[in-house]
Enquirer: 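Starting off with a structure, shown below.
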Amino acid sequence: MNKRKIIKGYKTLKSSRISVDTSSDKFKDGIIYTLYSDKFNSLKVGFAENNEVLRKRISSDPLILLDMKKGNKKDLILLTNILKELGIKYSENLSYKYSSYLMRHLSTLGWPVGRTLYKQRNIKKELVCA
């Protein structure tokens with residue numbers, strides 16, 4: 001017969017130090033924005049460190065600035081991941097094909113879309129007193 005030995009005891013865990021750099025440039029504050037291309041009927045979302053960088057991006061391409069607000073690169077990463085889960089995929093340079101479906105989701109997620117291409121529906125309920 002096969003004899004097995006049972007070893008009683010406790011395993012010890014070795015601790016290790018992990019250094020986390022919280023001052024990363026990845027989450028530095030800046031400007032999140034939405035641009036529209038009339039030629040390609042597409043939207044471009046992005047992040048810029050300051051107004052000068054954003055101005056250069058707009059002047060390099062024939063794009064219309066729909067809206068912008070303060071934010072960080074983390075917001076852009078979260079947005080692209082959420083849109084990917086919703087089945088909306090981007091092409092090169094974070095460019096999306098324009099649709100009311102996309103605009104509705106961008107607005108719901110709090111992304112700056114402006115009021116020129118997308119107007120939110122206001123649902124008003126009236127109370128009738130009898």
Side-chain angles (χ1 to χ4, degrees):
M1 292 220 149
N2 205 358
K3 292 184 180 183
R4 293 186 183 181
K5 266 188 178 179
I6 298 176
I7 301 172
K8 292 183 180 180
Y10 299 99
K11 293 186 177 184
T12 59
L13 294 174
K14 295 180 182 178
S15 65
S16 64
R17 296 218 178 250
I18 299 173
S19 63
V20 178
D21 185 18
T22 56
S23 65
S24 175
D25 288 338
K26 188 175 184 179
F27 303 123
K28 192 168 102 170
D29 286 336
I31 301 168
I32 53 176
Y33 60 86
T34 306
L35 302 173
Y36 176 71
S37 171
D38 204 17
K39 182 178 179 181
F40 299 110
N41 195 27
S42 65
L43 293 174
K44 188 173 185 179
V45 296
F47 170 80
E49 292 79 21
N50 54 39
N51 284 333
E52 286 300 316
V53 174
L54 180 58
R55 197 170 293 130
K56 286 178 185 176
R57 286 189 189 154
I58 294 171
S59 65
S60 66
D61 293 326
L63 299 169
I64 301 166
L65 178 66
L66 294 180
D67 202 3
M68 64 181 185
K69 72 176 187 178
K70 288 183 181 180
N72 56 35
K73 197 151 188 169
K74 182 179 172 185
D75 297 332
L76 179 62
I77 294 167
L78 287 172
L79 178 78
T80 55
N81 288 337
I82 291 170
L83 291 177
K84 191 186 304 181
E85 287 182 17
L86 291 171
I88 304 170
K89 295 186 178 154
Y90 61 88
S91 59
E92 60 188 57
N93 299 329
L94 296 176
S95 183
Y96 294 91
K97 182 166 175 53
Y98 173 81
S99 70
S100 60
Y101 178 75
L102 171 63
M103 293 297 284
R104 186 175 66 235
H105 284 301
L106 288 175
S107 178
T108 302
L109 294 169
W111 196 259
V113 291
R115 296 181 185 257
T116 54
L117 293 179
Y118 180 72
K119 295 182 179 159
Q120 290 181 331
R121 290 186 300 167
N122 290 330
I123 300 172
K124 294 181 182 178
K125 294 183 180 180
E126 293 182 16
L127 295 175
V128 178
C129 296

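These numbers come from a predicted model, not from an experiment.
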Enquirer: Using the ring-ring contact (aromatic ring centres under 6.0 Å, His included) rule, collect all pairs that involve residues 56-86, keeping only residues at least two apart or in two chains.
Expert: none

Enquirer: Measure the shortest side-chain to side-chain distance between Ile31 and Lys70 over non-hydrogen atoms and say whether it is less than 4.5 angstrom.
Expert: no

Enquirer: Between Ser95 (side chain only) and Glu92 (backbone N and O only), is there a donor and an acceptor less than 3.5 Å apart?
Expert: no

Enquirer: Checking Ser107 side chain against Arg104 main chain: does a donor-acceptor pair fall under 3.5 Å?
Expert: no

Enquirer: Go through the structure and list residues passing side chain to side chain contact (heavy atoms under 4.5 Å, CB included) with Asp67, not counting sequence neighbours.
Expert: Pro112

Enquirer: Hey, quick one: are Ile58 and Ile32 part of the same hydrophobic cluster, counting side-chain heavy atoms closer than 4.5 Å, chains of contacts allowed?
Expert: no

Enquirer: Applying ring pair (Phe, Tyr, Trp, His ring centres under 6.0 Å), name anything that partners Tyr101, two or more places apart in sequence or on another chain.
Expert: His105

Enquirer: Would you name the heavy atoms of Leu106 and Val113 that are closest together and state the gap between them?
Expert: CB-CG1, 3.6 Å

Enquirer: In Å, rounded to the nearest 0.5 Å, how long is the span from CG of Leu94 to CG of Leu35?
Expert: 11.0 Å

Enquirer: When you group the ILVMFWY residues by side-chain heavy-atom contacts below 4.5 Å and let the links chain together, are Leu102 and Leu109 in the same group?
Expert: yes

Enquirer: Look only at the side chain of Asn72 and the backbone of Lys74, and say whether a donor-acceptor pair between them is shorter than 3.5 Å.
Expert: yes

Enquirer: Do Trp111 and Leu65 share a hydrophobic cluster (ILVMFWY, side-chain heavy atoms under 4.5 Å, transitive)?
Expert: no

Enquirer: Which residue pairs pass the ring-ring contact (aromatic ring centres under 6.0 Å, His included) test with at least one member in residues 53-96, sequence neighbours excluded?
Expert: Tyr90-Tyr96

Enquirer: Please tabulate, one pair per line, all N/O donor-acceptor pairs under 3.5 Å involving side-chain atoms of residues 77-88, not counting sequence neighbours.
Expert:
unit_1: Thr80; atom_1: OG1; unit_2: Leu76; atom_2: O; d: 3.3
unit_1: Thr80; atom_1: OG1; unit_2: Ile77; atom_2: O; d: 2.9
unit_1: Asn81; atom_1: ND2; unit_2: Ile77; atom_2: O; d: 3.3

Enquirer: Do Tyr33 and Leu63 share a hydrophobic cluster, counting only Ile, Leu, Val, Met, Phe, Trp and Tyr and linking them when any side-chain heavy atoms are less than 4.5 Å apart?
Expert: yes

Enquirer: Could you pull out every donor-acceptor pair under 3.5 Å between side chains of residues 41-54 and any protein atom, sequence neighbours left out?
Expert:
unit_1: Asn41; atom_1: OD1; unit_2: Tyr36; atom_2: OH; d: 2.9
unit_1: Asn50; atom_1: OD1; unit_2: Glu52; atom_2: N; d: 3.2
unit_1: Asn50; atom_1: OD1; unit_2: Val53; atom_2: N; d: 3.0
unit_1: Glu52; atom_1: OE2; unit_2: Arg55; atom_2: NH1; d: 2.6

Enquirer: Would you say NZ of Lys69 has more than 12 non-hydrogen atoms from neighbouring residues, nucleotides or ligands within 6.0 angstrom?
Expert: yes

